[in-house]
Each structure stands twice: as structure tokens, then as C-alpha cells.
Amino acid sequence: MELMISIAARSLEDGAVVVVGTGVPCAAAMLAQMTQSPNLTVLFEAGGIAPLLPAMPISVGDSRTTYKGLKATSMAEIMELCQAGIVDYCFLGGAQIDKYGNLNSTIIGDNHNKPKTRFPGSGGANDLASLCWKTLVVTPQNKQRFATKVDFITTPGYLEGGNSRTEAGLPKNTGPHRVITDIGVYGYHEYSKEMQLISLHPGKTIQDVKDNAEFEIIIPDNYEITKEPTSEELTALREKVDPSKVIIGRG
Amino acid sequence: MELMISIAARSLEDGAVVVVGTGVPCAAAMLAQMTQSPNLTVLFEAGGIAPLLPAMPISVGDSRTTYKGLKATSMAEIMELCQAGIVDYCFLGGAQIDKYGNLNSTIIGDNHNKPKTRFPGSGGANDLASLCWKTLVVTPQNKQRFATKVDFITTPGYLEGGNSRTEAGLPKNTGPHRVITDIGVYGYHEYSKEMQLISLHPGKTIQDVKDNAEFEIIIPDNYEITKEPTSEELTALREKVDPSKVIIGRG
Amino acid sequence: MDTANLKQGIGEIFASPNSDEMRDFFRKKKKLIEDKRTTVKDAVQKYVHNGDYLAIGGFGGVRIPTALVHEVVRQKKKDLGFSGHVSTHDCQILSAGNCFNRCDAAYIVGLEARGLSKNARRVFESGNIKVTEWTNGALSWRFKAAAMGLPYLPSRVMLGTDTFKYSGAKEGLCPFTGQKLALLPALYPDVAFIHVHRADIYGNCQIEGILVADDDIAKASKRVIVTTEKIISNEEIRREPHKTVIPYWCVDAVIEIPYGSYPGNMPGEYYSDEEHLMEWLKTEKDPEAFKAFIDKNIYNTKSFYEYLELNGGMKKILKLKQIEHLF
Amino acid sequence: MDTANLKQGIGEIFASPNSDEMRDFFRKKKKLIEDKRTTVKDAVQKYVHNGDYLAIGGFGGVRIPTALVHEVVRQKKKDLGFSGHVSTHDCQILSAGNCFNRCDAAYIVGLEARGLSKNARRVFESGNIKVTEWTNGALSWRFKAAAMGLPYLPSRVMLGTDTFKYSGAKEGLCPFTGQKLALLPALYPDVAFIHVHRADIYGNCQIEGILVADDDIAKASKRVIVTTEKIISNEEIRREPHKTVIPYWCVDAVIEIPYGSYPGNMPGEYYSDEEHLMEWLKTEKDPEAFKAFIDKNIYNTKSFYEYLELNGGMKKILKLKQIEHLF
């Protein structure tokens, strides 16, 4: 978990604007601000803009998300900032993800009127993935989650790959950027937009990558080994970001 | 002038919402609040909502329009309230008005690129006349202003009369309601939507009505004689609304 | 422009987006500046009817009108439509009462990081609820379209997804640029519940912290019931006009309910009661136990304060205030 | 739907409403939280180019960025486009400098109840200015469309009039209700000038009283120059997040200019200088006298404070403060 948060934090450069949810994304943004990105602006979809987080919020709308913030506003305004192209990154999860980064958080089953399992739905996920420049996904990796076909495309990745995302009318140059799992870090092929390995976590194998995805993940020759969290990152994470271990405590 | 303000004030019933400009409309609204309509809500197009006016504003956006107001907002929000159907009345003027209540405040001359005279344009007039339920016009009456054909339809009245206003796409059941001049009070014919006399001011004649309009105004048999301002109205007007006689001083 | 291949969602639109119908409603609605104070019981009886479309302000577990939602269950309102616009604990309560038969879903059945509501899922997996899919942004903009007096607003979300397919949106092209857009029908609820920090007796309201969509919901809804932490004077409202989020003419009823957002968070006042919310989630796993839990906390309580007493009363509130302020 | 007879205005659209072009601009624009303080001279030199499309905040004679508009004249900027969104004294100043060749006109050449600007009329009657007609609402919504990241917004104004005919709007039908609407192209200015009550050095701004359209203009514009009555600390901004109208990332330059709205009104601070504004209107009637007047007040002054000195300095300001507070 500490590794995943550190990787996520490293991907947020200084001067960027990011919309985060609770948990790992929030921890990653806080860590980034304490390390390489003091000018990282953090937004919460419910209306909180650039708070000085006194503690981990439990809801993306709770009072901590506006504590000493630069602005407290509406959900519409946050989504409009994304729509206007102001927001560089968003963090998402989901019950299922396919090789093009499409996410399902709506239903399991093939009958929308009577689903096997009902999940919350899009929430702000579809908005953020449609409008922000780069979508980051943080998720545990296994065959169920990494599905050949998601039961429901709640949130757009590269849809059917290639240019299908822009052809659907979604803003140009947007889309899935990284998938960070407990096994490795993945990106997407320049043209086919299929998921491909960027770096393998220490101690993990290519077999782990393959065994934990229903679809085939592209394995380039030049993949890297993920850098372990630095002691600076670990100290910030354990002492400042999440001293009560609410998040880093999780498996 | 006192008469015109009193007539305007009487047409604003209690519980109504009105958008006013500076001068006569503002004075009329203040008078109405002091007489029959304590629950009259006054809006200013620049963003002022229900101020306790300490003095006559000079600009519809100056600080007096929000003094102890219920809300201070944007021009867009005021126009959106009108668009949503919240606002009962608006007050307008103009350089020219035709028999259907169309107003010109843009240009004199027939060449838009090189007008003989350039006026301010619509400002908020077109918005208010399009969106508020009833449009009240307060204007001095003469042949130049009461024109058969206005040089430019800045602001919609009943357009070409009949149903042409709703056919143009403007909201149903809206349109010109009263024209208050120094000679009389006018309304519009139920079907043809042509201007017709409602009441003649004391001391004025039908000939005055005719001599001061280029177009023919319908004179029904049952027109009335305008009621003079009551002493209550005059006292409120002179002592509370406009003690410095900025407006009632005018001709 | 090639409008040939434009798609449209198959989801049902539950309320008419026609802005002229709403204009007619507001035209007839008197905007008198009068004392609108009443009780939760009377307000729900008078303004909520079976079959109504309901919008609830706040953010699921933040600044929620708990007393009103409980009363809807207590009065056994049926066949409501509701907008699941980050509907977390409120969706959980309405599900417990089986009060609705249709839902515009952006975020439902979950309590964010806390987990999923087993009972709300049971309701939505029963096949008895008509669901049209949307997103948080889409529902926010549907309310905004209504607040602006428009029948629709364009947006750039949902395109290319199943969320669009099961929504009531339509694709359209910008007449100026040819860009493909998702057009969203305005949403005009029959009735809305909103909890605020301060209101005067006429319904002028102030809110601290995030607005979520409550300014637009108040303008978009035919009837609005406001519960408030505190009633303040009209003079106080007029002291800071820029703080007024909801103006009086939007509001039909005002009820003063200190701690009214409990068990939700009230920004600047008290934090959410995480223990109690976890108790909801835990109890839902056993239908029998959950029935007893709802009887105890809602059906057998006469008021919000009985409910609050059952769960720790002022002792609990003081603890939640400390969490809010000391973190 | 019968889209056969839909009309469209013949007026030119002066700036591209394509939201993807603006997205690309913002994508490349760094959003660093840095000290943006500079001078009026440097800001106008750096951020205003001949031919730019300019939007000016405030309400003509209320909360106007006078120093910046004077500097545009002083630096003899040419061929600007500008939005006449209740442009009164600002339009009068730009006209005096012959700085523009095209204008989106909602309200121009007038000073409200004070009368018409003879010189501004001369400019607009010369045939040398391209004018596209709009309304106050339409321009507000064109800025809002841009602020929302959209290429257009629907509205119900201008229909059936010559204002529509000479505008750049297009009629369209609601895809849900068939209602006829006036579609308004988004307006993305190259540069905007806004005067505010308080800002920090990063550009986070607070405004008292009406916003007019300044929140939307700030978001809609590629570059924003802010003048402020007072610079306050970032801590002060963070004390009341709900008061922040313009966030730092919208702003390129911040200049502290107490009394910067003079001769306009600054809500809560000082009233407009009606004598001086009448002097402008009177002097304009004689072109020779007006040339001398502009030389004296703008071309031959090095700064806003020289101009203020010429017209009464702090004595005058104290009088205007009294009018503002004592009425």
C-alpha cells in the first residue's frame, strides 16, 4: 500500500491540478505536496478547492475538504473546471477494468433492470475521466477486476481502442494514463491503446501480471522495476500523511 | 411626473417581483412598497436583490442597489430568474416605440454599420421584455417616439401583433402590459395586440393622444380618466421616496 | 452538420424538462414575504405526496435533512421518484422505508469509503425500481438547467459509455463548432429537502462550506422544505447579502432543527457519527435485525430528537463537535 | 423537429467559441502558485497586444479597472476587440483612445442616467467599427458558456428582434421539448481587466457586492490582469474560502491600487465621482477641448495617481467615501 501511494504521488508533478477522492488518492496527493510538488492544487468533486487538510477526509464532501481552502464551491463548478481543461489528473477505481481502461462501477450481470449486483454507479467518475487530461487508476489486481469485457462501461477509458474515444466526442488528448496495482504499473499502447506494463513491483513476476488479468497485457522488453518508496517518502507518509494508519494500514 | 410615478406604482401589486432601472421605475417601486405593496420584491439587473434603498441609485449596479439587500449576485443570475418565470414586471423606456410595443434603443437610421445616431443598444431591455411576464413602459409621448415603424427592433413587444410574439419563440403569456406617458395610460388589444387607450390624464384630450402618435391608437368608448395621485401618494413621494426631488423635479 | 448518427439514451426521463410548464407554475405561485415556520410532520404532510419526484440537498452524509427523510419513512410515503445525486445515507433511509419506485442514479446504494448498503442494494436489485443512469456532473447540470429556466444544457460527459446508453441524454452537435455534445434535459423536482446553517423565517438561507447543488436545487424545485441549524433575523440576513444562497421565494417551509444533519457532518458544527453509520451498515446484513433497528430508530420515534436521544443525545453531539473542531 | 425555418444572426463572431482550443490553451498554461505582483505599465505591455479581444469587469461606472484602461490608451494599443457588457465609462475611455475596431455591443456609448458620450457616439457612428449586437443577458451567458468549458449555451432572449438579426446567435430547437431557443456562442476573450476589493499575491480574489459577470469573465479569458484595492495574505483568503470569487490559476498579474475604481463607485468603499463624470460628458461636446482634456488626464499623466491628484486627490476620495457611507 505504501508503495502504491508513493508511485501515485510521484506521478503528480509540481504545478498540476488534481481531483482526488478519499483514501489512497488523497494520501498520494498529500504525499506529493510534501515531496516534489508543493504547488500541487487538490480539488474534491463535491466543491472543496485546495484545503490544508488537517486529517484524512472520510467523505469527499466533508468539512475537511474545505478546511483553510482557497475556495468552497459547488459540484457543478468543479466539473466545469474539468470541462474547461483546468484539471490535469483524476484518480479512479472500479469493480472492473478492461484492457482499454474502461471502468465498471454500476452493475454486475447483464440485466440493467434486475442486476446481479448493484454498485453506486458513476458518481463523478465518468465526468472526471471524460474531462480531466489524464486518468489514474489505483486498484488491486486480479482476474475478476482485470476483465476481458466489463459488464457495464460506467466510465470511459479508450472505449474500443484506437481513436474510438475521440470519435465518440470526448475531448481530444484525454484518457487513461496509468494503472497502479499491487503487482505493477501499467500504461497504454500509443496507437492500439491497449494496456501495457511500464514497471513491475520488486518481488513480482511477469507470471503474476499474466495470472491476474483475464485479458492479455502487453509486456514490452524495456519494462522497469518499480522504485521502492524512499525513506523520505515513508517518513512523510507514516508521520504526516497518515499517522493513524487508516490507509497505509490496509493490506 | 408625480402622476406618472403614481400610476406606475399602482400597477405593482403586493407579492409581485419587479426588475427596475434607475429614475422613475425605481421611484415607482419605492412608492408602491410604501403604499399598497409592502411585499413587493425589487431586483436590479446588475445583481442587486431587494435592497432597503437608502437613496436613489445613479447606476443600476451601484452600491445602493445592494444596501441591506437580501442577496447580491451576478447579472446572469438575475436574467436566469427572469428566464425561470420568477419576475412579474419590468420597466423599460426607449427612443422609439411602435403600436405593438416594440422598442428601439439601438440606432436611428437605416444603416447598422454607419448609423445616423448610435444609442446604447439593448442593455438588459431585450432580456427583460423577453422573459418577464409583463413589460411596463414609462415614456414622454410625441410623434417622434410613437413611431409607425421603429428604425430597429431592439426589444420585443408583440412584434407584428397577433400571435407573432409566441410564434417567434418567446415565452408564452409574456409581453407589453402598459405604456404610461404624460398624456395617458395605454394597454394592448386582446387579439390584434395594437396599442389602445386605457385612461386619459386629467386635462388631456383625445386630440392630444392622436397628435402625439404617428400611428393610430385605438380609442375604446369606455376609456377612463386617470386618477390623480392621492395625498398619501404625494406625501410618500415628496418626503420619503425623492425628498431631493431628483426625479419628481424633472418636467 | 451530420446529425444522422446521433445517439440517444434509452433511460426514462421522470420529470418534464419543459421550462414553460415551470414558468406557468411560478407565475401562479405567490411570492409573499411571510413567516414560513412549521413542523417536520406538517411540512411533509402538506408538501410531499405519493408519487412526487424528490430531490435531497447536501452530499449524502454531509449537511443532510435527516429529520425530513425520516418523516417521509414514518408517514409511509410511496412511489416517490428521487435523484441519486451522491445519495448515500439518505438513499439508505429511503430504501429502508421502500418509499420510491424510480431513481435518477448518479451515486446510490453506497456510503463512500464506508461501504455499500446491503438493504439499498436489495431494493435496487429487486427489479422493482426504474433506474435511469447519470453522473454527478450530469445531475448537477440538469438542476442548473432548471435553475436557469432552460429545458436543457449541453455537456461533454457520458459520451461513448453505457452510462449514456441507460441515461435520458441525447447526443447533439454544437451549431457553431460542430463539436459533439451530450445534451441533458432540465430536472424540475416536485419537492426538495435542504438542510442549511442559518435561515430567517421567510426562508432566506445561508450555507457554510460546499454548496453541492443546493442553490440550483432550490430554484429548480416546485416546493422546497428547509431545515436549519438556527433561525436568524432578517436583519442578520441583510447584513451580509453575499451570504444568501437560497432566497425566500424558493422556500415554502422553514423548520429550526439544531443538529439536524446528524448522523451526517455539518461543516463547522459537528462531524459525522461514524459509529452509528457503521451500525446501519452492519445491521442491514440481517433483515430481521434491520427491521427492528428501523422500528426503533424511525417508526417508533415521534421526532428527530427521540432518534438523537437513542443514539447518544447531546453527549454524542458534544463528541462530534470535538471531532469537527479538534480533528 | 422542423429545423427548416431556423434563423441565424448576420453579426460577426469575433472570437472562436471552440472549447477544445481553449482546453489546449489551459493544458499548456502552468498553474504555479507564485507572486504575481507587477505594475500597470508592465502588465499592459506584457499581456495586451494590438488586435486582442478585451473584456472589462465591473459595471461601467462601478468597480472598474480604471488604471488599466487608461494605460491601454496611454500605450496607444490598437485594433482591439471588446465586449460592451454594460460598458459605460470604460467604453468612453477606450473610445477616447480609438483603441478598438470591433465590439460585441450590449450596452455602449451611454453612461446610464447620466447621458450619452458624444465622443463614443462619434466613434460608433463613423462606420469604422464592426458591431455585433447582443444583450446584457446574452453576453453574460456567452462568458458563462466559456467559463463552463462549453462552446455554446441556449437562451430565450433576442428571438424575433433586430437585435437577433445583427447578432451572432442562431435559433435552435430543444431536442427534448421542441421549444425554440436562441443559441449563444461561448466568448473566450484574449485578455480581461478586473478590479476587486481584495486579492492575495497569487491572484485569489474577493469581491463585495454584485459580481456582474466577473467570476465567469475570469475563467473565460486566456489572460487576466487584476487590480485590487488591497493585497491581503493567503492566510486571510483561506480564513473564508466561500468569499473567493476568482481563484489564483485564472490570474496572470496582480496590482495593488487603492481607489482604483475612481471615478467609478467601489461598493462599500467610495461612491462614483459624478462631477468628474459630468465633466467628461460636457467636455466631449467640443472635440478640441476634449483632446486637451484627454492629454491632461491620460497622455500626460504617468500614472493613475497623477490622474487622481488632478481631480482632487485624497480630498475628493474622502468626500466620495462620505457619500458612500452617509448617503
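Numbers restart at 1 for each chain; the letters A, B, ... are given by sequence-line order, proteins then strands. In this text, all values refer to a predicted model and were calculated from it rather than measured experimentally.
Screening D:V157, D:T161, D:L159 for a side chain to side chain contact (heavy atoms under 4.5 Å, CB included) with B:P156, the sole residue that qualifies is D:T161.
D:V109 is not listed as a side-chain neighbour of B:F119, based on a closest heavy-atom distance of 4.5 Å or more. Taking 4.5 Å as the limit, every side-chain heavy atom of B:R64 sits out of range of all side-chain heavy atoms of D:N265.
What you find for B:G48 and D:I210 is that their closest heavy atoms are N-CG2, 3.7 Å. Residues B:S63 and D:G268 come closest through the heavy atom pair CB-N, 4.3 Å. Heavy atoms only, all atoms of each residue included: D:G160 and B:A168 are closest at CA-CB, 4.0 Å. Among all heavy-atom pairs drawn from D:M158 and B:N126, the shortest one is N-OD1, 2.9 Å. Here the closest heavy-atom approach between residue D:E112 and residue B:V60 is recorded as OE1-N, 2.9 Å. Nearest heavy atoms, B:F152 versus D:T163: CE2-N, 3.6 Å.
For chain D, the option among B:A46, B:G169, B:G47, B:P115 with the highest count of heavy-atom pairs below 4.5 Å is B:A46. Between chain B and the residues D:V62, D:D215, D:I108, the largest count of heavy-atom pairs under 4.5 Å involves D:I108. Per-residue heavy-atom pair counts under 4.5 Å with chain D were compared for B:T73, B:L159, B:I58, and the maximum is reached by B:I58. Counting heavy-atom pairs under 4.5 Å between each of D:S126, D:G84, D:G264, D:G58 and chain B puts D:S126 at the top. Between chain D and the options B:T66, B:N113, B:T117, B:T106, the largest number of non-hydrogen pairs under 4.5 Å is found for B:T117. If you tally non-hydrogen atom pairs under 4.5 Å between each of B:L131, B:T22, B:T155, B:V150 and chain D, the highest count goes to B:L131. Of the residues considered (B:K114, B:E77, B:E160), B:K114 shows the highest number of contacts with chain D, using heavy-atom pairs under 4.5 Å.
Looking at D:R114, only its side chain comes within 4.5 Å of chain B, counting heavy atoms on both sides. D:E125 touches chain B through backbone and side chain together, each having a heavy atom under 4.5 Å away. With a 4.5 Å cut-off on non-hydrogen atoms, D:F164 does not touch chain B at all. With a threshold of 4.5 angstrom between heavy atoms, B:K71 does not approach chain D through any atom at all. For D:V131, the parts lying under 4.5 angstrom from a heavy atom of chain B are both the backbone and the side chain. Neither the backbone nor the side chain of D:A182 comes within contact range of chain B; no heavy atoms are under 4.5 Å apart. Looking at B:L170, the atoms closer than 4.5 Å to chain D (heavy atoms on both sides) sit in the backbone and in the side chain alike.
The NZ atom of D:K130 sits 13.5 Å away from the NE2 atom of B:H112 when rounded to the nearest 0.5 Å. Atom CD1 of D:I207 sits about 11.0 Å away from atom OG of B:S74, to the nearest 0.5 Å. In this structure, the separation between CZ on D:R156 and CD on B:Q83 is 7.0 Å, given to the nearest 0.5 Å. B:M75 contributes atom CE, which lies 4.5 Å from atom CZ of D:F59 (distance to the nearest 0.5 angstrom). If you take CD on D:E274 and OG on B:S59, they are separated by 9.0 Å, rounding to the nearest 0.5 Å. In this structure, CD in B:E80 is found 8.5 Å from OG in D:S140, a value given to the nearest 0.5 Å.
The environment of B:K68 atom NZ is sparse: at most 12 non-hydrogen atoms of other residues, nucleotides or ligands sit within 6.0 angstrom. The local environment of CG in B:N111 is crowded, with over 12 non-hydrogen atoms from other residues, nucleotides or ligands closer than 6.0 Å. Around atom NZ of D:K118, no more than 12 heavy atoms belonging to other residues, nucleotides or ligands sit under 6.0 Å away. Applying the 6.0 Å contact sphere to NZ of B:K172 captures no more than 12 heavy atoms from other residues, nucleotides or ligands.
The main-chain N or O of D:G137 is found under 3.5 Å from a side-chain atom of B:D127 such that the two form a donor-acceptor pair.
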Checking side chain to side chain contact (heavy atoms under 4.5 Å, CB included) for the pair B:S122/D:Y107: CA distance, chi angles, key distance, verdict? CA-CA 6 Å; B:S122 160; D:Y107 186 98; over 6 Å; no
